[in-house]
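What you see below is based on every heavy atom in this structure, not just the backbone, and it leaves out hydrogens, waters and symmetry mates. In this chain, residues are counted from 1 in sequence order.
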Amino acid sequence: ISVRDTSLTVGDSRFEGNRASSGGYYYYGYYPYYGSERGGAGIQTVDSTVDLYDLVLVDNTGPTGGAVQLSNTTGTVQRVWACGNDADEGGALWADGPVEVSASAFRGNVATGAGGALALATGTATHVTLVDNQAGDGAAFFGSGTLADSVIVDHGGVAGSGGLSVDGNLWWDNPQPLLGPLPPSELQADPYLVHQAVCGPFMAIPTWGTSGIDAGAAGASTPGVQPVGEAGASAGATTPAHLAPRATPPTVAPASRDE
């Protein structure tokens with residue numbers, strides 16, 4: 001999907017195995033100069049507004065934003081599972097405008113340059129789970145945007161880079177979370193990630209719009225952190241809202257086409 005100067009809504013969809021050097025899965029409208037614009041393999045927007053929700057993004061490859069590139073675009077990205085995407089920058093998603101990413105999970109995405117999972121110049125990522133992403137700089141997140149109330153696990157190198165702001169996140173098994181020391185707002189503890197089949201094992205699915213890190217859990221030794229097993233939390237404990245799994249992911253037949 002490649003659009004310009006419009007409003008785009010995409011939901012309940014799956015983008016898998018697409019490849020692009022420009023544009024995306026198909027063209028919405030006709031702009032012959034798109035070929036010179038480096039876009040995501042699933043969705044590319046320019047000078048637009050977006051509402052993207054309930055998406056599965058798997059094994060897509062694009063130069064800037066492996067699955068999604070949002071250029072001079074505003075809007076929201078919610079409830080996205082992104083796994084195994086790769087790009088030069090922004091392995092799963094790249095945005096240079098004030099885009100809000102929330103309630104999403106990113107695992108195993110790769111950028112040869114910056115932003116293994118996310119490259120956000122000015123946007124925000126809230127209630128997201130970032131696991132085992134890789135990049136030359138900012139394995140999980142790169143940019144001057146904001147990362148808040150999220151879980152960041154198992155990244156080599158510097159997990160977050162590019163001048164980002166952080167607030168109320170949970171970090172685990174990242175040798176170097178940030179270029180400098182973690183500020184007091186941040187926690188380091190095992191999040192006890194739960195299995196999620198869409199993106200492989202050990203994915204914590206963030207709650208849709210509430211914070212388990214800020215609220216904490218009654219009686220927990222670490223605020224907001226409780227072990228979660230296959231049957232939910234241990235007897236007598238509550239599952240942190242931040243780790244509560246969605247009942248089912250979007251189930252849409254995959255559609256793949258090289259561009």
In one Ile/Leu/Val/Met/Phe/Trp/Tyr side-chain cluster, 4.5 Å: [X], [Y]:
| X | Y | answer |
| --- | --- | --- |
| Trp94 | Ile43 | no |
| Val101 | Leu8 | yes |
| Leu52 | Ile1 | yes |
| Val128 | Phe142 | no |
| Val158 | Val166 | no |

Tell me whether [X] contacts the main-chain N or O of [Y] through its side chain, where contact means a donor paired with an acceptor under 3.5 Å.
| X | Y | answer |
| --- | --- | --- |
| Asp137 | Gly113 | no |
| Asn85 | Leu57 | yes |
| Ser161 | Gly138 | no |

To the nearest 0.5 Å, how far apart are [atom1] in [X] and [atom2] in [Y]?
| X | Y | atom1 | atom2 | value |
| --- | --- | --- | --- | --- |
| Asn133 | Arg107 | CG | CZ | 9.0 Å |
| Asn169 | Ser185 | CG | OG | 7.0 Å |
| Leu70 | Asp47 | CG | CG | 12.0 Å |
| Asp167 | Thr146 | CG | OG1 | 8.5 Å |
| Leu147 | Phe141 | CG | CZ | 5.5 Å |
| Ser150 | His127 | OG | NE2 | 7.0 Å |

Residues which pass salt bridge (Lys or Arg N to Asp or Glu O under 4.0 Å) with Asp173, listed by chain and number, not counting sequence neighbours: none

Will you find, in the side chains of [X] and [Y], an N or O donor that is under 3.5 Å from an N or O acceptor?
| X | Y | answer |
| --- | --- | --- |
| Trp172 | Gln188 | no |
| Asp86 | Thr61 | yes |
| His155 | Asp132 | no |

Got a sec, which residues hit side-chain contact (heavy atoms from CB on, under 4.5 Å) with [X], two or more places apart in sequence or on another chain?
| X | answer |
| --- | --- |
| Ser48 | Val3, Thr6, Thr45, Thr73 |
| Glu100 | Thr76, Thr124 |
| Ser144 | none |

With sequence neighbours excluded, residues passing side-chain hydrogen bond (donor to acceptor under 3.5 Å, both in side chains) with Asp96: none

Partner set under side-chain hydrogen bond (donor to acceptor under 3.5 Å, both in side chains) for Ser71, not counting sequence neighbours: none

Grab the two heavy atoms, one from [X] and one from [Y], that are nearest each other, plus how far apart they are.
| X | Y | answer |
| --- | --- | --- |
| Gly91 | Ala111 | N-CB, 3.9 Å |
| Pro191 | Leu170 | CB-CD2, 3.6 Å |
| Ala87 | Pro63 | CB-O, 3.7 Å |
| Gly156 | Ala139 | O-CB, 3.5 Å |
| Ala135 | Gly116 | CB-N, 3.3 Å |
| Trp171 | Leu178 | CH2-CD2, 3.8 Å |

Side chain to side chain donor-acceptor pair (under 3.5 Å) evaluation trace for Thr49 with Ser7: CA-CA 5 Å; Thr49 61; Ser7 178; 3.3 Å; yes

Test side-chain contact (heavy atoms from CB on, under 4.5 Å) applied to Leu118 and Val77, Asn109, Leu130, Leu164, the passing residue: Leu130

Chi angles and distances behind the side chain to side chain contact (heavy atoms under 4.5 Å, CB included) call for Leu93, Leu120: CA-CA 8 Å; Leu93 185 150; Leu120 301 180; 3.6 Å; yes

